[in-house]
Participant: 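Starting off with a structure, shown below.
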Number of protein chains: 2
Amino acid sequence: MRPEALKGHLDALLLAVLEAGPQHGYAVIDTVREGSGGTFDLPTGTVYPALHRLERSGFVHSRWDTVGGRRRRTYELTLAGRQALMAERDVWDTFSTAVSALLARRPWPTTS
Amino acid sequence: MRPEALKGHLDALLLAVLEAGPQHGYAVIDTVREGSGGTFDLPTGTVYPALHRLERSGFVHSRWDTVGGRRRRTYELTLAGRQALMAERDVWDTFSTAVSALLARRPWPTTS
DNA sequence: CGCCTATAGCTAGCATTGCTATATGTAGCG
DNA sequence: CGCTACATATAGCAATGCTAGCTATAGGCG
């Protein structure tokens, strides 16, 4: 998978993952990998900055936990985050429909 | 439509449009707009550099025409371009399938 | 104990890429 | 003559995901 393919859609994925319940960053990476059937194996350098961005935007809220001596930062969707996710789903639908339509074009039925 | 949504998929769209036959840049813009049902109305500052990029990559070949006193640069897919398009279609399929799967996740059927 | 792996987090800097803004020039209409 | 549509072009911006590198704990193995 070409890395830049994700550009502009990462936030939607992260919000969708967190919609299922609060998770910490490392777990988010696992969930994305499994939920995408292995297609997306996001590096930490992608996910952590993205989560920080989402928090700055007010879409998620974080708190520190300590589990088994390890520090964890658990992220949870805010109300604004849920609304943003709804908007992102709409964007994705129109976007993917349009791209699929264009990619489905074929030479022969030129109809011109 | 958030502008950056297209990032990483523009080349695929342009190649797909040119697959139907050679076109010049301005016409490509029209074809994309109509083929996407109005979703993508690409600015010239997006399309012309992208076409140049595709030519540098060897995916399209251009020639100058003059039609009605106006200079036109007509782009045509190369063999490499056709192959790249096939690859792009595969990328798009895996990509969109994975994103749709993740966005379809819902809180309740947590199954955990 | 020392080493490695898995877990868990962080950041600086890079490269790519699409967009905005601006520019040039022709054809045709009122 | 001025306006609009057609047609191409580029400089510079902003955003964003990735690479690479770093810190730190827990636990297994030799």
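As a basis for the values below, the full set of heavy atoms in this structure was taken, side chains included, without hydrogen atoms, waters or symmetry mates. All chains are named by letter (A, B, ...) in the order of the sequence lines, taking the proteins before the strands, and each is independently numbered beginning at 1.
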Participant: Could I get the full list of salt bridge (Lys or Arg N to Asp or Glu O under 4.0 Å) partners for A:Arg72, not counting sequence neighbours?
Facilitator: none
Participant: Quick one: bend of the helix from C:dC1-D:dG30 to C:dG30-D:dC1 from 5 pairs per end, to 10°?
Facilitator: 0°
Participant: Residues two or more places apart in sequence or in another chain: which of them pass side chain to side chain contact (heavy atoms under 4.5 Å, CB included) with A:Pro43?
Facilitator: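 Applying side chain to side chain contact (heavy atoms under 4.5 Å, CB included) to A:Pro43 gives A:Thr46.
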Participant: Can you tell me how far P of D:dC6 sits from CD of B:Gln23, to the nearest Å?
Facilitator: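 Rounded to whole Å, this separation is 14 Å.
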Participant: Got a sec, which residues hit salt bridge (Lys or Arg N to Asp or Glu O under 4.0 Å) with B:Asp93, two or more places apart in sequence or on another chain?
Facilitator: none
Participant: Suppose we screen for salt bridge (Lys or Arg N to Asp or Glu O under 4.0 Å). Which residues come up paired with B:Arg71, at least two apart in sequence or across chains?
Facilitator: none
Participant: Measure from CG on A:Leu6 to C1' on C:dT17 and round the result to the nearest Å.
Facilitator: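 Result: 15 Å.
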Participant: Distance check needed: C:dA6 P versus A:Ile29 CD1, whole Å only.
Facilitator: 15 Å
Participant: Generate the contact string for nucleotides 24-30 of chain C. Rules: B means base contact, S means sugar-phosphate contact only, - means no protein heavy atom under 4.0 Å.
Facilitator: --BS---
Participant: Expressed in angstrom and rounded to an integer, what is the separation of B:Leu42 atom CG from C:dT17 atom P?
Facilitator: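 Taking atom P of C:dT17 as the reference, CG of B:Leu42 is at 15 Å.
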Participant: Tell me, for nucleotides 8-15 of chain D in 5' to 3' order, what letter each nucleotide earns: B for a base near a protein heavy atom under 4.0 Å, S for only sugar-phosphate near one, - for neither?
Facilitator: BBB----B
Participant: Test of understanding: with side chain to side chain contact (heavy atoms under 4.5 Å, CB included), list the residues that count as partners of A:Arg53, not counting sequence neighbours.
Facilitator: A:Leu10, A:Asp11, A:Ala50, A:Arg56
Participant: Among Ile, Leu, Val, Met, Phe, Trp and Tyr joined by side-chain contacts under 4.5 Å, find the other residues sharing a cluster with B:Tyr26 and list them by chain and number.
Facilitator: B:Tyr48
Participant: Please state how far atom CZ in B:Arg53 lies from atom C1' in C:dC19, giving the value in whole angstrom units.
Facilitator: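 Answer to the nearest Å: 12 Å.
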Participant: How long is the line joining CG of A:Leu10 and P of C:dT16, in whole Å?
Facilitator: 20 Å
Participant: Donor-acceptor check, side chain of A:Thr74 to backbone of A:Pro22, threshold 3.5 angstrom: yes or no?
Facilitator: no
Participant: Is the shortest heavy-atom distance from the side chain of A:Phe59 to the side chain of A:Leu77 under 4.5 Å?
Facilitator: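 Result no, sub-4.5 Å side-chain heavy-atom pair not found.
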Participant: Could you work out the complete set of other residues in the hydrophobic cluster of B:Val67, with links drawn between I, L, V, M, F, W and Y side chains under 4.5 Å apart?
Facilitator: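 None; B:Val67 is a cluster of one.
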Participant: Quick one: list whatever passes side chain to side chain contact (heavy atoms under 4.5 Å, CB included) with B:Ala101, sequence neighbours left out.
Facilitator: none
Participant: Could you tell me the separation between the CG atom of A:Asp30 and the C1' atom of C:dG9, rounded to a whole number of Å?
Facilitator: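 So the two atoms are 14 Å apart, to the nearest Å.
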Participant: Suppose we screen for salt bridge (Lys or Arg N to Asp or Glu O under 4.0 Å). Which residues come up paired with A:Glu34, at least two apart in sequence or across chains?
Facilitator: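 In terms of salt bridge (Lys or Arg N to Asp or Glu O under 4.0 Å), with neighbours along the sequence ignored, A:Glu34 is linked to no residue.
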